[in-house]
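Accompanying notes for the structure given below.
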There are 2 protein chains.
Amino acid sequence: MTEFSEWFHNILEEAEIIDQRYPVKGMHVWMPHGFRIRKNTLKILKDILDRDHEEVLFPLLVPEDELAKESIHVKGFEDEVYWVTHGGLTRLQRKLALRPTSETVMYPMFALWVRSHSDLPMRFYQVVNTFRYETKHTRPLIRVREITTFKEAHTIHSSAAEAEEQVERAIEIYREFFDALGIPYLITKRPPWDKFPGSDYTMAFDTIMPDGKTLQIGTVHNLGQTFARTFDIKFENPDGEHEYVHQTCYGLSDRVIASVIAVHGDESGLCLPPEVASYHVVIVPVIFRGAEEEVLDACRGLMERLESAGFRAHLDDRDLRAGRKYYEWEMRGVPLRIEIGPRDLKNNSAVISRRDTGEKTTADLESIEDTLRELMDDILENIRKRAWERMNSMIREAETLEEAAEIIEEKRGIISFMWCGDEECGKDIEEKVRVDILGIQEGGTGTCINCGREAEHRAFLARTY
Amino acid sequence: MTEFSEWFHNILEEAEIIDQRYPVKGMHVWMPHGFRIRKNTLKILKDILDRDHEEVLFPLLVPEDELAKESIHVKGFEDEVYWVTHGGLTRLQRKLALRPTSETVMYPMFALWVRSHSDLPMRFYQVVNTFRYETKHTRPLIRVREITTFKEAHTIHSSAAEAEEQVERAIEIYREFFDALGIPYLITKRPPWDKFPGSDYTMAFDTIMPDGKTLQIGTVHNLGQTFARTFDIKFENPDGEHEYVHQTCYGLSDRVIASVIAVHGDESGLCLPPEVASYHVVIVPVIFRGAEEEVLDACRGLMERLESAGFRAHLDDRDLRAGRKYYEWEMRGVPLRIEIGPRDLKNNSAVISRRDTGEKTTADLESIEDTLRELMDDILENIRKRAWERMNSMIREAETLEEAAEIIEEKRGIISFMWCGDEECGKDIEEKVRVDILGIQEGGTGTCINCGREAEHRAFLARTY
């Protein structure tokens, strides 16, 4: 693969995912093809969340005083909040912030909604745009000023144990979601100095991009009772006493789409999980003079059959050379292509071509629905396996900090090592290797890579996006 | 019905549609039940649009200089645009407006997208939030500062005739949509002084609220070439010459949901078209001591059957009195309720109760799916018919301005009369009757209600929201 950053920029343009020419830095346009991929991805996510979450929609604008209420939280965002100061030519009495995330939007309302222990748990989510005045270099879908696809879930519980359990459930939800996209992930607990502002702790999903840098693609926060105290969210317990609730929140963003594109893509362009692709299958008639109508009729018939069987199918009957069509649909990541010519018709068969492996097989037209379904399952399994293998091959164990620095310098990827867990020691490691600690996993024994003390944490280092 | 305004305020709260207590004026929260109604309504709309429109998503923020480019257009909005002036503590070099509508967001990009006549027509739509700094009294879903559900379609054509035709198609689309919701409408051409800023002309859909005031629920604009000139959107025609494109746009908002609620609602609360309601049908077990398990099992079995047959069904097995449940589901507008008790089970039947008429029928459990489907169709037809009859009864012909003023004063509603079409005369009418001209329809003959000249337009007056 050519240099990743250039490849990514080009594929967003060529596959018409995002138009990067919008005249505000860090804000982009979802083009029709990109929008369909986004919609299909969101459908997978919503189908999972809708099992036990309620979808809601809260306002974009947060009054300054509400945003400022949770002081630790607001510190984490104040440098990057966009402020609305005027309505028409009138200066607003209270400045309004564009939500950077919605804790301060939702939680004053939660204080009104929660009454009794029998109301709990409550689980909400919304998919909205959020805003960060990024001063770093922006990059579509990865580091943007308008996050167009921010899925944030917020839950409310009557005990710490239940909130803890919800964190586990949220992790399971994200596992299921990323597995459905074939995206590999490393789940770690963020070091305390990198947790979500105002939370007790943060669990994070990172994946690895083709250039060896990691991308945070999902986070789950246990908020404890911090926000409950700030926003006075209380419930009446069975004994009639009022207690503060326990909360969690967890989020995903446009970065999920960035990772679907980057993790599976190759020199030919996009390679998408079937459920994400704009079409499951594209039918290309192979036309020779004299047999046009017969072939086209057969293609149209097949098209109808596939649609009524629930496939997202497309018949490409444009007057273009077949090769040009193959190139386009491969670039756009459509997982399966069916070619039908006069000879195929005679044999009542069709040639099916896989985007992920390039393999071609001849399939019986009678039972082609079954064949396509099997191939779709197989494609997801194959690209998922391939992506996990690549990610695993880029996680390397280091015994010394010198070794860690060397691997990062030469190969990037993720470095795994034992760490004592002490904050000062951790920051010392980050300084020495000049790379951030991604997070930790409990368990294992050994000695700390830096201070030599006994260590019961495994930690991970990586260059991050 | 009690005073409409109070009824509307209360039902939004009691049916948990919108929480009006968000601490910014004119901005509200979609609660879970309201969100489902909104989602179901949008699904109907998107299914229609997706036939020949591409869904896209453009940024929220418009640079000041882009917004200002089309001078007539910006004049129409400048008093009510929210301005972002700061990112973090930094003053932005260019102020950014929160989109009041997206012409100035999309059209600079259209100039990049349109190349040749073969690219045209293009038809896009997006569903987004837009912002207006309303200085008038705000009211949820009707006059808000954050329009949370703005569906805007924008089309591009190579000839004036094609744009004209698209206006007709857009009107057909909205007809189909409002018919699916059972909402009656009056379609008129807005008078020139009330057209969309920058357009050639505006066609509008108005419905009538229970208090006799009209509500604009949809508009279709022929933009001609005004924006094409401003944003330099050109295509190469078959002769190789560059021409400006012709454009249309058409929009709907949260007001659609307001009208579904207001037009069909009654003293018992919401009365929703089946496809809009959160559930098509609610099953309420009628339990007597000794038969609990048998009845509950039957209800669970029926629930599963209905879901697999594609119904949105809900089993209300809460430990509450049946009457309380009936009250709740009626208030929430669920169109059909199934009651099953021990006696019904013996007869292999169930009692079905209609929300719109209150009628109860006993149905055979074997074929209950068919019965439900028939009832759902009948309910939509019935509430649509009822709503059209009410609206038609509130459109009254006036022969003189005195008569018009009298009817408006006493009965509100819509006044229909002949008008010469002259702007000065029209404004004179508005001043005399102190009510705005809603719009005109071509055709008919007679003399102008005001100046007595020959008139070929029918015009309509009404108090509007």
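Below, chain A is the first sequence line, B the second, and so on; all start at residue 1.
- When heavy atoms are compared at a cutoff of 4.5 Å, P23(B) approaches chain A by way of both its backbone and its side chain.
- Taking OH from Y82(A) and OG1 from T85(B), the interatomic distance works out to 12.0 Å, rounded to the nearest 0.5 Å.
- For M109(B), the part sitting under 4.5 Å from any heavy atom of chain A is the side chain, from C-beta outward, and nothing else.
- F35(A) contributes atom CZ, which lies 8.5 Å from atom CD of Q126(B) (distance to the nearest 0.5 angstrom).
- Contact of R145(A) with chain B is not made at all, since no heavy-atom distance falls under 4.5 Å.
- Counting heavy atoms of neighbouring residues, nucleotides and ligands inside a 6.0 Å radius, atom NZ of K136(A) does not exceed 12 of them.
- Contacts of T135(B) with chain A are absent, with no heavy-atom separation under 4.5 Å from either backbone or side chain.
- Atom NE2 of H9(B) sits in a sparse spot, with 12 or fewer heavy atoms from other residues, nucleotides or ligands closer than 6.0 Å.
- Looking at V128(B), neither its backbone nor its side chain comes within 4.5 Å of chain A, counting heavy atoms on both sides.
- Put simply, the side chain of E146(B) gets close to the backbone of L60(A): a donor and an acceptor are under 3.5 Å apart.
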Next on the checklist: Show, in sequence, the C-alpha distance, side-chain angles and deciding distance for L98(A) and L98(B), and conclude whether the side-chain contact (heavy atoms from CB on, under 4.5 Å) test is met.
Outcome noted: CA-CA 10 Å; L98(A) 305 193; L98(B) 305 193; 4.0 Å; yes
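- With a 6.0 Å radius and a threshold of 12 heavy atoms from other residues, nucleotides or ligands, R321(B) has its CZ atom at or below the threshold.
- In the displayed structure, Q20(B) atom CD is contacted under 6.0 Å by more than 12 heavy atoms of other residues, nucleotides or ligands.
- Here R94(B) is the residue among H33(B), E80(B), R94(B) with the most heavy-atom pairs under 4.5 Å with chain A.
- Per-residue counts of heavy-atom pairs under 4.5 Å with chain B were compared for V56(A), V29(A), V84(A), L57(A); the largest is that of L57(A).
- The most heavy-atom pairs under 4.5 Å with chain A, out of M27(B), K95(B), E78(B), M106(B), come from M27(B).
- For P59(A), the parts sitting under 4.5 Å from any heavy atom of chain B are the backbone and the side chain alike.
- For chain A, the option among H86(B), E66(B), E54(B), E55(B) with the highest count of heavy-atom pairs below 4.5 Å is E55(B).
- Interface residue F131(B): only side-chain heavy atoms are found under 4.5 Å from chain A.
- For a residue to count as touching a neighbouring chain, one of its non-hydrogen atoms must lie under 4.5 Å from one of that chain's; by this rule F124(A) touches chain B with the side chain only.
- The residue among T148(A), V105(A), T90(A) with the most heavy atom pairs within less than 4.5 Å of chain B is V105(A).
- Between G88(B) and Y133(A), the shortest heavy-atom distance links the atoms N-CD2, 4.2 Å.
- Enclosure of atom CD in E307(B) by more than 12 non-hydrogen atoms of other residues, nucleotides or ligands within 6.0 angstrom is indicated.
- Heavy atoms closer than 4.5 Å to chain B are found in the backbone of V81(A), but not in its side chain.
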Next on the checklist: Run R21(A) and W113(B) through side-chain contact (heavy atoms from CB on, under 4.5 Å) and show every step you take.
Outcome noted: CA-CA 11 Å; R21(A) 295 169 293 177; W113(B) 292 3; 3.9 Å; yes
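- Distance CZ/F58(B) to NE2/H28(A): 13.5 Å, rounded to 0.5 Å.
- K39(B) touches chain A through its side chain: at least one heavy atom from C-beta onward sits under 4.5 Å away, while N, CA, C and O do not.
- Within the 4.5 angstrom heavy-atom criterion, only side-chain atoms of R36(B), from C-beta onward, approach chain A.
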